[in-house]
Structures are given as C-alpha cells and as structure tokens.
Amino acid sequence: SQKIEQNSEALNIQEGKTATLTCNYTNYSPAYLQWYRQDPGRGPVFLLLIRENEKEKRKERLKVTFDTTLKQSLFHITASQPADSATYLCALFTGGGNKLTFGTGTQLKVEL
Amino acid sequence: NAGVTQTPKFRVLKTGQSMTLLCAQDMNHEYMYWYRQDPGMGLRLIHYSVGEGTTAKGEVPDGYNVSRLKKQNFLLGLESAAPSQTSVYFCASSYEGAATGELFFGEGSRLTVL
C-alpha cells in the first residue's frame, strides 16, 4: 500500500542548531513534494515545493532535498529559533485527481 | 485580504443531525478542497472542485456532499452526522492544481458529533 512516513516523535533541538526532518514514502512516484508548517489550532501554511527533477530547494533558512532513488525528502531549518516550533507536514502529488497526499507531520520544538 | 474563511469554527451535533460548513475565499482561486484532519491520520481529502459548478470525490467522500455554486464559495454538507465524522475540517484553495499549486488553508472547523 502507498504510505508517507514522518517521524511521529517530537524533535527537540537547541536554538541555533539545524533541525532536520524526514519524509519517507513507499509505492509512490511523486512528481512534486511540498512542505507545510502547522501551528496548534491553525491551518497549515505552505513553505516550499520541490519537483522530482530538482535535488535541492532553498528559501531563507529553509532547505529541502528530494531523493527519488531513496524515496525520501529532508527538510532543514538552519539557525533554528523558538518561533520555528511547530508541526511540519510533507505532502506528495503523484498525478491525477488534484490529490495532494499528506504525511502525519513531525512536531519540532526549539528550546532556548 | 481575508484569504480563506471557514464558518463555523466550532460545532457540536447529535448523531443524525445535518449541517453545512461554509468556505469562502477572496483570492479568485479556481481550485478548492475540503480536508479532514484526525490524530495519527494526517490530512485526508474529502472532496474538491476545479472550478465553479464542478465537484469531485477525494479519498474519503462517503457521508459528505459538496457544492460550488459560486467561485468563491465551497460548501461541505453532512446529511446525517455520525460520531466517526468528529474531526477538524480544513478548507483550502489554490490558483493552480494540487501538483504545483500552493494550497492556502483556512483556520479549520472543529466538529464534534455526539
């Protein structure tokens, strides 16, 4: 069956360090992959989109990689801040039906 | 801009009751979506629309109906609510389709069915 896996355990890091979140998928061949941020009680907010022919995408302190061989995307936040604390969702588009499939998200906590 | 607005934000229903969730967007987006979010399940697509007057089924459409009579509005209806429909419902819209289109989400509607 098709599956998207994000670490369900919260990731705790110290302020200033680089946070790395993982999105693994099986039985998909996604053409596009997106990352969203979700704060408690709020709707998700779009962060980055990466295409299957792109290895890496950057936006300010954010960096996303996309390895279609490993079937994995890594999401990095450099120089992390307490304000970066949130749940981060990855989402895949595999073609057809305008269906974006979301992972369950990983909660990031950045401590002082 | 208000973006995507959902009403109501909270609602408690009894089993068998009906209700409608309203989603309104002011960005002139063609595409609109209804998702539900449950603990440990992630966001799941219920129904979506690629333009005014069109609707299509998503991953979990059973027990829900939708209508897109105006471009800016997308309604989600529950004809006979069941406890399994207790969830947080999110509406989203996008200028392009889900492949390359950034989804703009509302703040969510928390529904409890007793």
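By convention in this document, chain letters (A, B, ...) are assigned in the order of the sequence lines, proteins followed by strands, and residues within each chain are numbered from 1.
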Can you hop from Phe66(A) to Tyr28(A) via hydrophobic side chains spaced under 4.5 Å?
yes
Per-residue contact mode, Val50(B) against chain A (heavy atom under 4.5 angstrom):
side chain
Within a radius of less than 6.0 Å around CD of Gln81(A), do more than 12 heavy atoms belonging to other residues, nucleotides or ligands occur?
yes
With hydrophobic residues grouped by side-chain heavy-atom distances under 4.5 Å, do Leu74(A) and Leu47(A) end up in a single group?
no
Spell out, yes or no, whether Val60(B) and Phe74(B) are grouped together once hydrophobic residues are joined by side-chain heavy atoms under 4.5 Å, including indirect joins.
yes
Under a 4.5 Å heavy-atom cut-off, does chain A meet the side chain of Phe104(B), its backbone, both or neither?
neither
How long is the span from the NZ atom in Lys57(B) to the NZ atom in Lys99(A), to the nearest 0.5 Å?
15.0 Å
Give the interface residues of residues 36-44 of chain A toward chain B, defined by a heavy-atom separation under 4.5 Å.
Tyr36(A), Gln38(A), Gly41(A), Arg42(A), Gly43(A), Pro44(A)
Can you hop from Leu62(A) to Val64(A) via hydrophobic side chains spaced under 4.5 Å?
yes
So what's closer than 4.5 Å to chain B heavy atoms on Leu33(A): side chain, backbone, both or neither?
neither
With clusters defined by side-chain heavy atoms of hydrophobic residues (ILVMFWY) lying less than 4.5 Å apart, directly or transitively, does Met32(B) cluster with Leu103(B)?
no
